[in-house]
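Down below is the structure, laid out as structure tokens.
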Amino acid sequence: MAQVTSEKYEAILDRHQEAGRDHLIPLLQELQDMEGYVSREAVLAIGQHLKLPASKIYGVATFYNQFRFQPQGKYHFMVCRGTACHVKGSDKVLDMLVKQLGIGPGETTRDRLFSLQVVACMGACGLSPVVNLNGEFYAKATPAKVASIIHECREKESVHAAG
Amino acid sequence: MVNIEVNKRKVEAKEGETLLTALRREGIHVPTLCHVDGLTPTGACRLCAVEVEGAPALVPSCSFPVSEGMKIQTHSARALEARRTIVQLLLSNHPDDCLYCIRNGGCDLQQLAQELGVRQRLFSGKRSVGKLDVSSPSIVRDPDKCILCGKCVRVCEEVQGVAAIDFARRGSQATVATAFDTGLNLSSCINCGQCIIACPTGALAEQSHIDRVMRAIRDPEKTVVVQHAPAVSVTIAEEFGLKRGIDANGSMVTALRRLGFDRVFDTSFTADLTIMEEASELVQRIQTGGVLPMLTSCSPGWIKFVEQFYPDFVPNLSTCKSPQQMLGALAKSYWAEQEGVDPANVFSVSIMPCVAKKFEMGRPEHGHDGQADIDAVLTTRELARMIKTAGLSLEDLPAGKADSPLGERTTAGKIFGATGGVMEAAVRTAHYLITGEDLPDLKIQPLRGTQGIKEAAVEIAGIRVGVAVASGLGNARQLIEQIRNGRQDLHFIEIMTCPGGCVAGGGQPLNTDQDMVKARLQALYSIDRDETVRTSHANTEVARLYEVFLGEPLSHKSHELLHTHYTKREVLI
């Protein structure tokens with residue numbers, strides 16, 4: 001792991017020649033855009049490039065909500081926990097997702113089907129509480145609604161599997 | 001000179017220094033939980049906050065510079081109240097299991113709560129529940145007890161240049177973590193345990209081997225042999241509240257016998273043996289054009305450091321095992337043979353100033369014939385605990401002597417516990433091996449002292465041998481970088497992982513400070529000054545070992561038992 005094969009990151013790293021630690025966050029963002037999450041390999045490659053220890057990079061990356069450390073699932077849920085959504089009961093919606101999926105925010109199920117993310121505000125307060133599934137907004141979400149969405153996803157998958 | 005007024009008393013401070021430094025010099029106690037001497041102040045814990053006349057808020061004395069005419073109250077009602085509140089907030093999510101905590105009685109947080117008269121839980125926060133990390137063979141990390149002072153993080157990065165841990169997440173979620181929250185065993189942690197020494201609470205501790213040692217002692221099948229490292233006898237007295245800098249070798253040996261160990265050997269014996277092997281290896285490398293500079297290999301934290309950060313320097317490492325491993329190997333071969341004991345029934349324990357030794361004993365490269373060289377490692381702290389549990393007091397015990405044939409030591413082996421000591425001992429013997437004569441003056445002053453890097457050039461039979469010594473791996477890194485960049489005048493380099501050497505190891509009494517380190521070093525050097533046998537080649541039991549068992553230094557048998565190899569190591573760096 002010390003000499004990571006950072007070929008797949010070369011194009012991005014090359015854009016940050018002779019970069020200092022001030023390039024850390026842009027690099028994390030670009031590598032996350034490329035892979036969908038911040039992988040261990042990415043952290044080690046950045047570490048070599050910027051001469052920073054992995055623990056430091058992980059420390060910075062975990063400070064911000066924007067970085068995730070597991071690949072997104074096929075079905076990616078975003079739950080808004082902004083003020084308006086909170087007032088309208090988004091905590092119960094989140095609880096339901098956590099319970100149904102068996103994962104916490106920032107995590108992905110082992111079968112890589114579902115992932116869960118908490119965001120501060122999606123700018124759709126009029127629809128609160130809001131849940132977003134793969135870019136599609138679900139307005140006035142309730143635990144029951146969310147449960148049926150998950151159910152639909154699972155149905156679709158079992159049809160796929162059977163077909 | 002800057003004139004300030006502290007608690008209505010005139011105090012002279014030095015230009016540019018912090019308030020805390022000035023206060024400490026004056027003997028005025030201001031508590032802190034995050035200050036580390038010599039490192040950048042962070043002002044994280046705020047406990048050192050004092051009242052400065054004219055300032056709108058309390059100021060943290062650890063990071064506030066003195067200025068002319070300053071008027072300070074260190075223990076005003078306001079300052080005390082602030083400190084009490086801080087401690088109460090720190091306790092709000094603390095597990096409060098002091099009775100069962102490894103640091104019970106020796107915890108800075110506990111002591112502060114006591115000093116400030118905290119008598120009830122004022123704030124009830126959500127108790128922290130982290131994952132106890134027992135993955136490391138050396139260190140146990142309990143995040144629940146962590147107060148996020150950051151001392152471990154800074155020591156790991158700024159002193160040791162390792163940075164295995166850092167703060168992760170933020171706000172109430174913040175923790176000290178390794179990269180990707182892996183166990184310490186997968187991180188770049190080198191097991192030195194300087195974080196344990198730095199930790200003000202029970203969040204960091206050694207992996208204890210007390211239970212397995214006691215089980216072996218009670219097992220009638222087992223012959224339990226113990227060795228003690230050179231740096232232990234000069235620190236263990238501190239654990240019993242005795243004066244610092246005392247050599248308690250005799251009473252410690254007696255304590256070990258009373259605890260039930262069947263034989264007491266001295267690691268300084270194999271330190272002398274290490275010198276015979278290592279000096280011979282050096283002479284051989286110089287004479288045959290081997291890889292130079294040769295790097296010492298006694299300090300297991302340093303070895304792992306090289307394996308993961310400087311794998312290109314692995315060939316420079318001496319192939320000698322550390323004195324601990326050498327003694328273990330000999331106990332289960334030479335001694336067991338002589339004694340007529342089955343090596344499989346020998347349980348080999350070492351008392352070390354070090355927690356990395358607990359990692360070293362498990363290295364697969366060590367051991368032979370399916371036997372590990374060492375079965376358990378106890379730190380100075382653990383031994384003190386065992387002695388207390390057994391109802392013994394170091395002070396009252398008569399002096400005992402280590403057992404033959406692995407118990408004789410010279411002062412050269414004893415100063416292994418000090419930074420520069422291995423080098424000094426090696427130069428003494430290398431000079432003898434090459435010229436057949438001892439150095440006119442055995443004391444090599446430039447190699448002594450607490451500086452991070454020390455250098456000397458020694459003339460041996462017309463050859464100029466360049467030697468250097470570094471302690472603290474941040475310093476070692478500097479030296480190695482110089483060599484990477486082409487420096488060529490050095491032949492032999494001694495590296496000790498902990499700043500000051502083994503006397504300041506991660507297994508030593510807690511709250512080690514610079515004055516203590518100096519007193520401990522002084523204790524070792526007094527032994528070297530006062531005794532007469534001061535060179536490893538003059539150790540008669542070592543000579544006998546070669547005569548009847550090993551043959552000569554670097555012999556086939558030596559290689560089999562006393563030498564090893566290292567390889568590049570993959571970790572999350």
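Naming convention: chains lettered A, B, ... in sequence-line order (proteins, then strands); numbering from 1 in each chain. In this text, all values refer to a predicted model and were calculated from it rather than measured experimentally.
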- Does B/R487 CZ have over 12 foreign heavy atoms under 6.0 Å away? yes

Bottom line for B/T182: the part with an atom under 4.5 Å from chain A's heavy atoms is side chain

dist B/D181:CG -> A/Y58:OH (nearest 0.5 Å) comes out at 3.5 Å

Residues 156-175 of chain B vs chain A, non-hydrogen distance cutoff under 4.5 Å, contacting residues -> B/E157, B/A163, B/A164, B/I165, B/D166, B/F167, B/A168, B/R169, B/R170

Looking at A/R154, I want to see if its CZ is surrounded by more than 12 non-hydrogen atoms of other residues, nucleotides or ligands under 6.0 Å.
yes

| field | Flag side-chain contact, heavy atom, 4.5 Å: A/V43 against B/F180 | value | yes

**Message:** With a 6.0 Å cut-off (strictly less than), is the heavy-atom count around CZ of B/R477, excluding the residue itself, greater than 12?
**Reply:** yes

Taking a cut-off of under 4.5 angstrom between non-hydrogen atoms, the residues of residues 60-92 of chain A near chain B are A/T62, A/F63, A/Y64, A/N65, A/F69

